[in-house]
Amino acid sequence: MAVSVRRVLGAALLRGSPAAARRFQATAHATKEKWYAKAKTSSFLKTKEVSFIGAPLAAGQHQAGVEKGPQSVREGGMEAVAHSLGWKFHDVGDVDCEGAAAQFTGISAVDKPKNCEKIGLANGLIHEAVKAEAQKGNFVLTVGGDHSIASATVSAMRSVHEDLCVIWIDAHGDSNTPASSHSGNYHGMPAAHVMNWIQPPLPGFEWLKTENMLKENHLAIIGLRDVDEVERELLRDSGVAVYTMHEVDKWGIGQVIDMALHRINPNSDRPIHLSFDVDGCDPSIAPGTGTCSRGGLTFRESHFICERLSMTNNLVSMDLVEVNPDLDEPIPGRMHGDCHLVTAKSMTSRLAVELIGSALGRTVI
Ligand SMILES: NC(=[NH2+])NCCC[C@H](N)C(=O)O
């Protein structure tokens, strides 16, 4: 570490910029973080082991195919990538979302969200699986499925880590209540639900306890550009730290992440969960998802988020959601810089594996 800092400092001085060198030194000192993520795990983890949980839930939206997300990430080389970064990889398998949902056969007690009881039952299983893996002290990687699963994963992580804070990457707020939602789709509601904005309690979600919900000021959402009217008011009036694409344009992703972390984790002493919706990325790099929105995060901005969070040494878990292989586009051709361990067949699945790699500590040098 010392060598690399000196090298960069030296380079800055050689370029005749002592101010830049001082700035670099100040940042290195202030963040108290190591520059190489590869060798370490989060200070909140007991092991350098990833638990991979497949959560093939599709009932929170209407496009078929998103249930194939976990398999596409597995086949895309996830295990090999994790191994190359020094992690043991434990594939827990897929949660039986369909089986759980099939247990509800009646007519739903509510109009909105659609499929409420079915999603609640499936999410209950996901919640238990995530909690069990987190209790072992492993890094928990849950691959969706649609973003509905986040109320299960966040509350499970929160039940193990009381101080948990969450970075939520998304084109959408996912902060609708049944009353504010136009679509009635639950994948537009999990953030609101896990912050206890939805009353009365939803049928099927009896496992979701108030003590495992997230405080508004422990959530930061980044990448927004497609928000519903009432949802906008809800977010504006809340304590959630919201950074839309406007803020990303204005400040750059580096500043935005630092501001977000400062809001939700000011003393860098809280464990962090990353809930990454691939539709936060621009459709030009992530076309295989159900609710695309133009003007999203670039390839580098998306990776920077994962790299930066890995470097905090506080990242304990991650969701990667909304990859829909049926809507995806083929990879146009291999490039020299492509990692040979990533064997995904289509663009968005490939991006998902690569982003998880960055969150697990992949660095250029
Ligand atoms: N996780 C997602 N892709 N959410 C999209 C939500 C879209 C819209 N705001 C809705 O509530 O229906």
Side-chain angles (χ1 to χ4, degrees), residues 41-47 50-53 55 57 60 92 95 119-145 147-170 173-175 177 186-187 189-199 201-202 204-222 235 238-242 260-261 263-277 309 312-321 359:
T41 54
S42 155
S43 45
F44 296 101
L45 299 177
K46 293 195 198 93
T47 64
V50 186
S51 292
F52 179 106
I53 301 174
L57 182 83
V92 177
V95 173
I119 297 168
L121 288 168
N123 261 4
L125 287 189
I126 297 168
H127 175 91
E128 287 310 318
V130 171
K131 189 171 153 186
E133 297 309 307
Q135 276 166 342
K136 295 177 188 166
N138 294 358
F139 184 98
V140 187
L141 169 63
T142 311
V143 177
H147 216 161
S148 300
I149 68 163
S151 58
T153 60
V154 170
S155 57
M157 291 310 299
R158 174 78 176 61
S159 75
V160 177
H161 298 282
E162 214 193 326
D163 261 356
L164 190 81
C165 60
V166 177
I167 299 270
W168 189 294
I169 308 301
D170 214 310
D174 290 358
S175 297
T177 64
Y186 183 78
H187 79 154
M189 306 180 194
H193 201 188
V194 85
M195 289 189 291
N196 207 11
W197 292 2
I198 298 183
Q199 294 302 335
L202 296 177
F205 285 86
E206 290 73 21
W207 51 268
L208 181 56
K209 305 277 184 255
T210 318
E211 68 262 26
N212 296 331
M213 293 186 176
L214 193 71
K215 293 192 189 82
E216 291 178 4
N217 59 1
H218 287 172
L219 175 66
I221 310 183
I222 300 173
L235 282 171
S238 76
V240 180
V242 179
L261 287 172
R263 282 277 294 276
I264 63 173
N265 196 4
N267 301 317
S268 308
D269 56 359
R270 290 190 182 131
I272 304 171
H273 172 84
L274 169 62
S275 197
F276 200 119
D277 187 327
L309 291 179
T312 63
N313 205 18
N314 290 339
L315 193 65
V316 289
S317 46
M318 174 178 190
D319 312 323
L320 197 297
V321 297

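With sequence neighbours left out, the ring-ring contact (aromatic ring centres under 6.0 Å, His included) criterion links Phe276 to no other residue. The side-chain contact (heavy atoms from CB on, under 4.5 Å) check on Asn267 picks up Asp269, with sequence neighbours excluded. Asp277 is linked by a side chain to side chain donor-acceptor pair (under 3.5 Å) to His147, counting only residues two or more places apart in sequence or in another chain. With sequence neighbours excluded, no residue satisfies side chain to side chain donor-acceptor pair (under 3.5 Å) with Asp163. For Gln199, the side-chain contact (heavy atoms from CB on, under 4.5 Å) criterion is met by Asn196, Pro201, not counting sequence neighbours. For Glu128, there are no side chain to side chain donor-acceptor pair (under 3.5 Å) partners two or more places apart in sequence or in a different chain. Residues passing the side-chain contact (heavy atoms from CB on, under 4.5 Å) test with Ala156 are His127, Val130, Lys131, sequence neighbours excluded. Arg263 is linked by a side chain to side chain donor-acceptor pair (under 3.5 Å) to nothing, counting only residues two or more places apart in sequence or in another chain. Residues that satisfy the ring-ring contact (aromatic ring centres under 6.0 Å, His included) test with His193, not counting sequence neighbours, are Tyr186, Phe205. In this view, Leu261 and Ile167, Ile257, Ile272, Arg308, Leu309, Thr312 satisfy the side-chain contact (heavy atoms from CB on, under 4.5 Å) rule, not counting sequence neighbours.
One finds the CG atom of Asn265 at 8.5 Å from the NE2 atom of His218 (value rounded to the nearest 0.5 Å). If you take CG on Asn138 and CG on Leu45, they are separated by 8.0 Å, rounding to the nearest 0.5 Å. With rounding to the nearest 0.5 angstrom, the CG atom of Leu219 is 8.0 Å from the OG atom of Ser238. Separating the OG atom in Ser148 from the CD1 atom in Ile119 is a distance of 4.5 Å, to the nearest 0.5 Å. Taking CG of Asn314 as the start and SG of Cys165 as the end, the distance is 7.5 Å to the nearest 0.5 Å. Between the CG atom in Leu274 and the CG atom in Asp319 there is a gap of 7.5 Å [rounded to 0.5 Å].
When all heavy atoms of Gly173 and Ile221 are compared, the closest pair comes out as O-CD1, 3.8 Å. Closest heavy-atom contact between Phe139 and Ser317: CE1-N, 3.7 Å. Taking each heavy atom of Glu211 and Arg158 in turn, the nearest pair found is O-NH1, 3.4 Å. The two atoms that bring Phe44 and Val316 nearest to each other are CB-CG1, 3.5 Å, heavy atoms only. Val92 and Ser51 get closest at one heavy-atom pair: CG2-CB, 4.1 Å. Annotation for Ser151 and Val194: closest pair O-CG2, 3.9 Å, computed over non-hydrogen atoms.
For the pair Val321/Val143, no side-chain contact is recorded, criterion being any heavy-atom separation below 4.5 Å from C-beta on. Within the 4.5 Å cutoff, the side chain of Thr153 has heavy atoms near those of the Ile126 side chain. Two residues are said to be in side-chain contact when any heavy atoms from C-beta on lie closer than 4.5 Å; Met157 and Val166 fail this criterion.
Within 6.0 Å of CD on Glu162 lie no more than 12 heavy atoms contributed by other residues, nucleotides or ligands.
Remark: the backbone N or O of Gly120 is paired with a side-chain donor or acceptor of Trp207 at under 3.5 angstrom.
For the side-chain contact (heavy atoms from CB on, under 4.5 Å) test with Met189, the passing option among Leu202, Ile198, Thr177, Asp174 is Ile198; the others fail.
The list of salt bridge (Lys or Arg N to Asp or Glu O under 4.0 Å) pairs with a residue in residues 135-145, not counting sequence neighbours, reads Glu133-Lys136.
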Derivation of the side-chain contact (heavy atoms from CB on, under 4.5 Å) call for Ile149 and Asn123: CA-CA 6 Å; Ile149 68 163; Asn123 261 4; 4.1 Å; yes

